[in-house]
Chemist: 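First the structure, which I've put down as structure tokens, then a few questions once you've had a look.
Just so it is clear, the structure is predicted and the values come from calculations on it, not from any experiment. In each ligand, atom 1 is the first atom listed, and ligand 1 is the first ligand listed.
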Amino acid sequence: MRELVNNIKNQAIASLSDASSLSELEILRIDIFGRSGKFTLASKELKNLKPEEKKEIGILINETKNTLETLFIEKKNELESNVRVWFDPTIPAIKRPQGRLHMITRAIDEISSVFEKIGFTRTRYPEVEWDYYAFGALNFPKNHPARDDWETFFIDEKDSPKYGPMLLTPHTSSGQIREMERLKGKPPIRMINLAKTYRRQSDASHIPMFHQFEGMVVDKDISVVNLKGTLDYFASNFFGKERVTRLRPYHFQFTEPSFEVDISCNVCKGSGCKLCKEGWLELGGAGMIHPNVLKAGGIDPNVYSGFAFGWGVERTYMMKEGLAVPDIRLLYSSDLRVLSQL
Ligand code: PHE
């Protein structure tokens, strides 16, 4: 009897490894486990055995059955997965969507690396700021109407006795004093502060949260010449070799003299065309740091001088790429139909 069970087992294992299709496997299964299969018949023989033999052979039959069942399941899985692996190489491949960095991330990287090449250090200062850093130390008298130009968001917090109200910084100029403090009033300073800024404006060309980059250099004998040279370097490296900048007189509380910076138009190179009208496109503000600001940062204005400039990242990058985004708010909409084009 033991021999019979072992024979069934050995034969079954051999046939299993030969089986090459699911239907063959099914025939084999019926042949062994079916109602008149080999195992069923062998089990029926059990009752003719002596009690001790009955027990021993019973255990053997059960063990063999379990082993074979496991082998059957394994074989079935193997045959099934072979069926699914089949594929048609002529079917066009599935195109996986390719992600990429957001336009603003690319702009931040590019702008910082242009300035890092000429020795500027990238900094980043708090978005939630005190009035003192955003206005007070930047030579804004209390209640001066110039503060209104910045359309500031104030935070609902108790005023600091030293620094005044808490606010969302409306410009990266707040980093000027913080950088002077970080260096304990000891120039040379070459800072590029690139960060988020906030203003209460929302329309096609304004968004309440945007980015600015602020350059600041403080050292001995720094003049407008250095400012102009730095701006021209940026223009030709970022926008293209032939682009130059132009300074127009302006007013900021924290710079004297102050300027608005224009960049020569790409199309007419400054002579005037339909696109730009006068040959120049407006970029942002700049100027020589006001002596009061240097003093507030612990720097002696009789020994040191410096310049600063601050522009919007979104605007500058769109100008570079020649992008005409009809509504600047779309940049932050997370609508893939828009973003995949930028
Ligand atoms: N902070 C000014 C603004 O937001 C720009 C500026 C920066 C002007 C530095 C002069 C010097 O408009």
Chemist: Using a 4.0 angstrom limit on heavy atoms, which residues are close to ligand 1?
Modeler: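 Within 4.0 Å of ligand 1, protein side: W150, H171, S173, R199, Q212, E214, F252, F254, T255, G285, A286, A308, F309, G310.
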Chemist: Any chain of hydrophobic side-chain contacts (each under 4.5 Å) joining I27 to L16?
Modeler: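 No, I27 does not connect to L16 through the hydrophobic network.
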Chemist: Is the shortest side-chain N to carboxylate O distance from E282 to R315 below 4.0 Å?
Modeler: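 Looking at E282 and R315, the cut-off is not met.
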Chemist: Enumerate the residue pairs fulfilling ring-ring contact (aromatic ring centres under 6.0 Å, His included) with a member in residues 190-229, sequence neighbours excluded, ordered by first and then second residue.
Modeler: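 ring-ring contact (aromatic ring centres under 6.0 Å, His included) check on residues 190-229 returns F213-F234, F213-W311.
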Chemist: Salt bridge or not between R147 and D131? Use side-chain N to carboxylate O under 4.0 Å.
Modeler: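 Here R147 pairs with D131 in a salt bridge, since their nearest N and O are under 4.0 Å apart.
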Chemist: Looking only at non-hydrogen atoms, find the nearest pair between R124 and L194 and report the distance.
Modeler: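 Between these two residues, the closest heavy atoms are CG-O, 3.6 Å.
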Chemist: Decide, yes or no, whether a salt bridge links R178 with E181 under the criterion of side-chain N to carboxylate O below 4.0 Å.
Modeler: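 No, no charged N to carboxylate O under 4.0 Å.
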